[in-house]
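The structure appears right after this line, and notes come after that.
As the structure is a prediction and not an experimental result, all values here were calculated from the model. In what follows, chains are A, B, ... by sequence order, proteins preceding strands, each numbered from 1. Just so you know, these numbers use all the heavy atoms, side chains as well, and skip hydrogens, waters and symmetry mates.
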Amino acid sequence: MGVRMLFAILVFAAALAVIASERADRTKVALVGAVLVVLTQTIDQEHAIEAIDWETIGLLAGMMLIVRVTEPTGIYTYLAIRAGQVARGRPLAVVMSLALSTAVLSAFLDNLTTILLMVPITFLLADALDIDPIPLILIEVIASNIGGTATLIGDPPNILIAGATGLSFGDFIANLAPISLLAFVVVTGMLYLVFRKRLQIAPEARDRVLELDARKSIEDEAELKRTLPVLVITILAFFVHKALGVEPATVALTGATVMLLLTRQSVEEALRGIEWPTLFFFVGLFVMVGALEERGAIQEVADAIGSLTGGDRTAELLGITWISAIGSGIVDNIPFTATMIPVVEELQGGARDDAYWWALSLGACFGGNFTLVAAAANVAAAGMAERAGRPIGFIEFLKVGVPATLLSMLLATGYIAVRYV
Amino acid sequence: MSPQRIASTVRREVWLLRDEDTVRHAVQKIIDVDVPALPVVDATGTLRGIFGEREFIGALFPGYVTQLGYAGFVPRSLERVLEKRPICAHEPVGKYMNTDHIDVDEDHSDTQLAEIFLHHRVLIVPIVGGGRVTGIVTREDFFRALARRFLELS
């Protein structure tokens, strides 16, 4: 092992450790790591820039802009309130309705945004229903990570995989939506059984939810009429992007640009919706992984996995799935996926076998439910709950996250075995 | 001779809250003293934060209300809020105070105060000297003093 490879590994491992410990901002850590590997010529600047996946950055930026422009219209609040109202105060229906809305929104927006939109409304609904909001919020977080698995744009690991492989939106839906739907039904059902005693709703409280005037949540109807068609067309365009011959990032950025033209928001206001720390986190991450690749560390890992599995395809597929789930639970599914992508490429040895990518996606996305720090949406929900005066502890999350992850992973294992082996 | 600073005309006698005072005690004191907010200090007299009208509303209404971008669809009345949140009356102000440290030292300028009132949504600015709160400037008093001088000159 060369000195530079060792340095690339040390920088990356240290960055992962600090990110997992949450002792420093993850964007700062990733940028420091990137600067260190470039300054020491572990990867030169030209290759560092090449290592940045601009498809991923463009897709994320475009979707962030689209969400930012449409969010002030109140459309997402409207959907969340209606989801609570259609259940008419019946506990199982409340759980299923909120979980399904969260899963569907997560599939077409992103997990983090969905949770930021759903959690305050869930607190409001739980307050009206006189029940503990935490079971509902935990179920939503888990539904969000499962729902996001279904599409190319639903969860950052999928965006990363699409950026690296060119797999289409339709490929993701065809391969991941069936297992996501199954996992959603089974896991949400299990969580309802676990929490049902805390979700008993008094008859007089049921009507209180209906007092909420969902139509009043639409804050700017004119803006909604201008931007909603663009949102719908953008989502539809994702389904046919391959036939149109354009990349997902082009679809997202086109939608975002059309929205910028139509909205009454100023460009400055709309651009504030871009989570620059997240984008810079990705940039730093790509450069660090680029250094690992450049110095041969990724090849070493792939060789080690290959020798462990003896090149057996089934063992590799299931190994990738479970290692990704556990790894994502410990570090964060974004850096983990970014690291695993070149490893999976090496394992395939030049022969394209998409089953490997679905194994990685299922492990990384479902693994996002493992711990409180496994996905950004989990951390955001905990932060919002704490600010609302009802914090979610690490152990409290673990008690739900571990069984939910194990159950969904068992389903994923069966799915991979049946469909791809 | 330098002109009299506006701030020097608006200092008040300092009333302080302790971080362990209850919300009920704090609200009563704010009403009695007739200021929009009061500085909160710890047992050593060090400034820890501010508790006032905004913080009281935050304590009274459920925490998630601040996270709702808009609440025009919630028909809830104050009676129901008071019915559901009576406990906050007995909680310490330290739990609800604003801990953003926006204070000035003794030789602050009018421009510094203007900048604070423009950039921060604070109702009072504590004046701190020697580690202790020696006065406060309320936004209302600052505005009135400013307006008086402006009208005199124009």
Are there over 12 heavy-atom neighbours, none belonging to [X], within less than 6.0 Å of that residue's [atom1]?
X: A:Lys216; atom1: NZ; result: no
X: B:Phe143; atom1: CZ; result: no
X: A:Glu221; atom1: CD; result: no
X: B:Arg144; atom1: CZ; result: no

query: Side chain, backbone, both or neither: which part of A:Leu116 has a non-hydrogen atom closer than 4.5 Å to chain B?
result: neither
message: Just verifying a value: how many Å separate A:Ile121 CD1 and B:Gln67 CD, rounded to the nearest 0.5 Å?
response: 10.5 Å
query: Can you name the residues that form a side chain to side chain donor-acceptor pair (under 3.5 Å) with B:Arg18, not counting sequence neighbours?
result: B:Glu20
- request: Sort by residue number and list every member of residues 384-392 of chain A having a non-hydrogen atom under 4.5 Å from chain B.
  value: A:Met384, A:Arg387, A:Ala388
- prompt: Less than 4.5 Å apart, any side-chain heavy atom of B:Leu68 and any of A:Thr77?
  reply: no
message: I'd like to check A:Val119 versus B:Tyr64 (side-chain heavy atoms, cut-off strictly below 4.5 Å). Are they in contact?
response: no
